[in-house]
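To start, the structure itself, in structure tokens.
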Amino acid sequence: MGGRKTRTGALLGSLIVVLLPKLLDDIGTFRIVAVALAVVVALGAAVSMFRGLTTAKRVAVPVAGTVGLAVFAFWQTSITDWRLTIFGLMILLVVYYLQDGIVGFVRSFLNLGRRTVSASVDTTQADAAHGDDAIAAGEPTSGDVLLEVKGMLMQFGGLKALNNVDLAVRGGSIHGLIGPNGSGKSTMMNVLTGIYTPTAGTISYAGKAIGGNAPSQIALSGIARTFQNVQLFGEMTALENVLVGLHHTFRSNLLDVGLRTPRARREEAAARERAFGLLQFVGLAYAANDEARNLPYGKQRLLEIARALALDPKLLLLDEPAAGLTAPDIKELVAIIRKIRDFGITVILIEHHMDVVMGVCQTVSVLDFGQKIAEGRPAEIQADAKVIEAYLGGSVGADAIAEGAH
Ligand code: ADP
Ligand code: MG
């Protein structure tokens, strides 16, 4: 009732539910509260109208309602019989008209909105060329194998989604993973990030075996991902979505946060600034305070990348980031992927747009029915007979991979 999105809202809601029966027990108290409420609302409405913030039409209902309640309070001699009715009407009012609760309504009425980006950040800066500081500087490109998968088998019942796959990804490279639909690409991502426990096979990352580790452990060890189907927190702003990715940087405990100690506030301000930097990096600074669900689809995909980068990954897995994007959006995405690599972050790119894969990847691995059928430089892959066969049934020339796979 108070508003589920804020702490004040939750407290106010509980207070109302606890105090209301008491309040409605005694007609004297009820009269005082009803009159006070009517006076506050009428005064608020008068001030807002005077300042030109609202119109008479918009405030008519709340003013009439609260004044009516005050009149009603004096008209009745006992309020006890009306308790349930009043409570029910309040619930209905909140459900129909105040979906963000009382606090949400008051905030939007006063145009406070959500807490926005900290004042020290200049939101007017152009996106391009900013936000680079937000990316943790990667280690120099070593070219050594960062991720090594051996003999990977992932079985769902009788289906071998991955069948004895070996994969070696070099540090600092963009490694393409392609293959027809259902060939096991997303399954590979899910195995690498610990969502599926492989039936057999080993994964070694930066020299350590990570097979069987929990997804959270793997994420903290520096492997971040995006999803084939965008998975954002829709009701949260773009900035808040990135803040979620930064949670690993917080050292404050529950008490710090509850009491808003200097440490908690300092950390939050730093995280907000960093999150804003990451939004700048992907060109989304202008949308920092927009709810994620209201962003165009292409921008949602970029937001997912920003959130993944918040984990300070050494390895970033992108599952079809260009799917459903328009041509200009794809161009922007490719530039961002290159920029990420230039910061020393290794990228595994699953993609159906062959021009993207062929344009940015150093090495491409091709899966078909869960098996790796080819691997090599993009040009070699494009000319590989087995790859052409897998994609097109072998009837068309190599050039058609680029066309046909769109
Ligand atoms: P791709 O991403 O290459 O299109 P996927 O990795 O999503 O393919 O799927 C590979 C195969 O594994 C498909 O046949 C799919 O139906 C199957 N598969 C994927 N995940 C599961 C699961 N959780 N349970 C059962 N079968 C699955
Ligand atoms: Mg997939």
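We count ligands from 1, going down the list as the structure has it; atoms in each ligand are counted the same way. In what follows, every heavy atom counts, from backbone to side chain, and hydrogens, waters and symmetry copies are set aside.
- In this model, a donor atom of one side chain and an acceptor atom of the other lie less than 3.5 Å apart for D256 and T261.
- T237 and N289 form no side-chain donor-acceptor contact under 3.5 Å, judged by distance and modelled atom types alone.
- Side-chain N/O atoms of H175 and T346 include no donor and acceptor closer than 3.5 Å.
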*Hey, mind stepping through L349 and V356 against side-chain contact (heavy atoms from CB on, under 4.5 Å) and telling me if it holds?*
CA-CA 10 Å; L349 175 66; V356 173; 4.2 Å; yes
*Please test H352 against N181 for side-chain contact (heavy atoms from CB on, under 4.5 Å), starting from the C-alpha separation and ending with a verdict.*
CA-CA 9 Å; H352 268 306; N181 272 329; 3.3 Å; yes
Provide, line by line, the atom pairs where ligand 1 and the protein bring an N/O atom each to a distance under 3.5 Å; else say none.
| residue | atom | partner | partner atom | Å |
| --- | --- | --- | --- | --- |
| ligand 1 | 2 (O) | S186 | N | 2.9 |
| ligand 1 | 2 (O) | S186 | OG | 2.8 |
| ligand 1 | 3 (O) | S183 | N | 3.2 |
| ligand 1 | 3 (O) | S183 | OG | 3.4 |
| ligand 1 | 3 (O) | G184 | N | 3.0 |
| ligand 1 | 3 (O) | K185 | N | 2.8 |
| ligand 1 | 3 (O) | K185 | NZ | 2.8 |
| ligand 1 | 4 (O) | G182 | N | 2.8 |
| ligand 1 | 6 (O) | S186 | N | 3.4 |
| ligand 1 | 6 (O) | T187 | N | 2.8 |
| ligand 1 | 6 (O) | T187 | OG1 | 2.5 |
| ligand 1 | 8 (O) | G184 | N | 3.4 |
| ligand 1 | 20 (N) | Y196 | OH | 3.4 |
| ligand 1 | 23 (N) | Y196 | OH | 3.0 |

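- Checked against side-chain hydrogen bond (donor to acceptor under 3.5 Å, both in side chains), N229 has no partners two or more places apart in sequence or in another chain.
- Around the Mg ion (ligand 2), the protein atoms of type N, O or S found under 2.8 Å away are S186 OG, Q228 OE1, listed by chain and number.
- Not a single side-chain hydrogen bond (donor to acceptor under 3.5 Å, both in side chains) links Q371 to another residue, sequence neighbours left out.
- Formation of a donor-acceptor pair under 3.5 Å by the D166 side chain with backbone atoms of G151 is found in this model.
- Annotation: F276 is not in aromatic contact with F281 [ring centroid separation under 6.0 Å not met].
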